[in-house]
Amino acid sequence: MILHDIVRDGGRSVILVSHDPRVEDVTDRIFWLKDVAIRDRKSEQHAWVHDAVCNMRVDEWTAILFSEYRGHRYVFCSKHCVERFELEPLRYTGG
C-alpha cells in the first residue's frame, strides 16, 4: 500500500518490475517486452488459465509451455511444472 500512497498523495508514478501476476490487479498500465518490442498488456487481449501443477495464472495467448493429455492442451508457467505434469498427469487432471 505504500506505493499506492506515493501515487495518490504525491501525484507521482511508480514503475515496478515483477513476474507476479497479482500486480495486474492493482495497476493502471502494464508493459512487457516481447520480441524486442514494448507491448501494453491491458490494451491487448489475453486469456487467463491456471497452471495445472502450481495453479499460477498464465496467459494462454502468450504462454510458450504446453502439454497435451487426453485431447486437452494444458498451459504451464515453467519447465519444472511441465515436467512434473508429464510424470504424473492423472495427479493433476483428477483422473
Side-chain angles (χ1 to χ4, degrees):
M1 297 315 287
I2 293 172
L3 296 177
H4 279 278
D5 294 344
I6 291 170
V7 171
R8 184 189 65 230
D9 300 337
R12 305 201 184 253
S13 296
V14 173
I15 297 174
L16 176 71
V17 178
S18 176
H19 291 275
D20 188 337
R22 296 173 296 177
V23 171
E24 184 168 353
D25 297 335
V26 296
T27 61
D28 294 324
R29 296 188 76 183
I30 295 177
F31 296 99
W32 84 98
L33 183 63
K34 182 175 181 181
D35 300 329
V36 195
I38 295 177
R39 300 173 66 180
D40 186 343
R41 174 62 136 176
K42 289 202 174 183
S43 70
E44 295 188 20
Q45 295 181 332
H46 50 275
W48 293 114
V49 294
H50 289 273
D51 182 312
V53 174
C54 71
N55 204 37
M56 178 180 269
R57 195 170 67 155
V58 181
D59 187 342
E60 187 174 23
W61 294 354
T62 61
I64 58 172
L65 300 168
F66 308 94
S67 183
E68 296 281 335
Y69 181 69
R70 292 187 175 175
H72 183 76
R73 185 176 98 160
Y74 293 88
V75 180
F76 300 93
C77 69
S78 68
K79 185 177 176 184
H80 176 73
C81 284
V82 174
E83 291 168 351
R84 288 180 65 187
F85 178 84
E86 290 177 346
L87 285 173
E88 298 181 89
L90 287 175
R91 177 179 178 186
Y92 302 106
T93 61

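Bear in mind that the values here come from a model prediction, so they are computed numbers and not experimental data.
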Shared hydrophobic cluster, Val82 / Ile64 (ILVMFWY, side-chain heavy atoms < 4.5 Å): yes

Tyr92 with Met56, same ILVMFWY side-chain cluster at under 4.5 Å: no

side-chain contact (heavy atoms from CB on, under 4.5 Å) evaluation trace for Tyr74 with Val49: CA-CA 9 Å; Tyr74 293 88; Val49 294; over 6 Å; no

Separation of Glu86 CD from Glu68 CD (nearest 0.5 Å): 10.5 Å

NE2 on His80 to CG on Leu65, rounded to 0.5 Å: 12.5 Å

4.5 Å side-chain heavy-atom contact, Tyr69 and Phe85: yes

Option among Asp59, Val53, Asp51 that satisfies the side chain to side chain contact (heavy atoms under 4.5 Å, CB included) test with Cys77: Asp51

Minimum-distance pair of heavy atoms, taken over all atoms of Ala63 and Val58: CB-CG1, 3.8 Å

